[in-house]
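Below is one structure, written out as structure tokens; comments come after it.
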Amino acid sequence: MVISTDSRMRISKLLTHPTELRAQVDLIVNSAPVADAHTHLFPPEFNELCLWGIDELLTYHYLTAEALRSARTTYEQFWAMSKTAQADLVWKTLFVDNTPTSEAAQGIISVLDVFGLDTRAPDLKEARAFFNSQRLAEHLDQVFDIARVSGVVMTNDPFDDAEDRLWNSSISVDRRFSSSLRLDSLINTDLVNTAHVRAFLDDWIQRRNPVYMALSLPPDFNFPNEDARDRLLREVILPTAKEHKLALTLMVGVRRGVNPRLRDAGDALGRGDVTSIERLCAEYPDVKFLVTFLSRENQHELCVAARKFSNLMPFGCWWFLNNPSIVSEITRERFELLGQSYIPQHSDARVLEQLIYKWKHARRQIADALYDSYQQLLDRGRAITPEEISRDVNRLFSGNFNQFIG
Ligand code: FIX
Ligand code: ZN
């Protein structure tokens, strides 16, 4: 490797040894603060909407779906149980009677371990006592600190009465929680009066100051199309995004209620159509689109689409994709096709302490993929400096998101 004197003066320290490179990547990835672009978390001021603690963690829909495959309980019997009884059953089924190998179950282990709780406990006595002894405000600070999350974006439904009552009770929302305007329920609204709906959204945006607008979509989402959704996009959502200079987050590929008896856990996925996103980006060049697809089969096409449109920002490994083997594959594919111009992950956390495991596990995959990219560069004749690693990681963990919505 030939390094000019000029470059040498600009370079603080070239990482030419694999062990040193690995140590720096781990250090920088593990300590970088992250802006979590999509969660379902609420701050303590939102009372019962702020979910935390072991019973909420264990009744997360990822885990109920898994527990109900092995427990000798019908769905209906399970839902008739109290939350603590449900959590007890999930613990016994997935952690006592079986080995917790799934990603969601390993997440529970990571959380218990961080707080020094027994990961092999026969029941939830110790964990409940620990969480019951926490004061929420301090616990929240501690969780954000451990997860090194600087801020999270909530998912706010403007048509939800419980949320609306809380917003109107003149609470001051913790500054680490930003709002987003989630428009899924608009799909079910009668669009007779477009102007009326737009005025409602304008007012909500002015009062709640969301960082983006968002919509989840089924696999058969097509654009353009002669349907009510197309009208909603063209006449309400896209003009509102444009007027308020808000990015539009599209989450494509969810098939809701495939098994309604499983409630929140009953959704599935399907392969979506990336060309529809390309057409949206081409027709609305002054709207920015944050896009995630739920199907593994769409990930490569999404990277290629993002190479064609700078108003398209791929983000996250959503939901059923958030498993180490798949996150690893997608992250590597994105580094190869997009450099650092994407957002590798969001937590989608619903329960506060999930931030700990979702980010711990994500950081591990991102660090592995990043290290391999730098190692390849080194093999080909270019070493990297710690400053350059920090620059890359900051872009991935917060810079790209803040700039895109900014
Ligand atoms: O639509 C969404 O934002 C999804 O993330 C949720 O509906 C889903 O239930 C979830 O929590 C996945 O992680
Ligand atoms: Zn979500």
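Note that ligands are numbered from 1 as they come in the structure, with each ligand's atoms numbered from 1 the same way. The chain is numbered in sequence order, starting from 1. Nothing here was measured: the structure is a model prediction, and the numbers come from that model.
By the 4.0 Å N-to-carboxylate-O rule, E388 lies close enough to R382 to be salt-bridged with it. Using a 4.0 Å cut-off between charged side-chain N and carboxylate O, E138 and R135 make a salt bridge. Here D88 does not pair with K92 in a salt bridge; the nearest charged N to carboxylate O distance is not below 4.0 Å.
Panel note: side chain T292, backbone F315; a donor-acceptor pair is recorded below 3.5 Å.
In the displayed structure, E226 atom CD is contacted under 6.0 Å by at most 12 heavy atoms of other residues, nucleotides or ligands.
Below 3.5 Å of separation, one finds an N or O of W318 facing an N or O of ligand 1. Below 3.5 Å of separation, one finds no N or O of S216 facing any N or O of ligand 1. Ligand 1 has a nitrogen or oxygen under 3.5 angstrom from a nitrogen or oxygen of H61.
Near H38, the atoms of ligand 1 lying under 4.0 angstrom from a non-hydrogen atom of the residue are 3 (O), 5 (O). Close approach of ligand 1 to D348 is summarised as follows: ligand atoms under 4.0 Å from at least one heavy atom of the residue are 5 (O), 10 (C), 11 (O), 12 (C), 13 (O). Less than 4.0 angstrom separates some heavy atom of R350 from each of these atoms of ligand 1: 6 (C), 7 (O), 8 (C), 9 (O), 10 (C), 11 (O).
Here D348 contributes OD1 and H38 contributes NE2, and at the Zn ion (ligand 2) these two atoms make an angle of 100°, given to 10°.
The heavy atom nearest to atom 7 (O) of ligand 1, out of those in H346, H40, R256, K358, is found in R256.
Judged purely by distance below 3.5 Å, without hydrogens or angles, the side chains of S82 and T84 pair a donor atom with an acceptor atom. N322 and H361 share no donor-acceptor pair across their side chains, judged by distance under 3.5 Å alone.
If you check which protein heavy atom lies closest to atom 13 (O) of ligand 1, you get Y62 OH, 2.5 Å. For atom 1 (O) of ligand 1, the nearest protein heavy atom (residue, atom name, distance) is R182 NH2, 2.7 Å.
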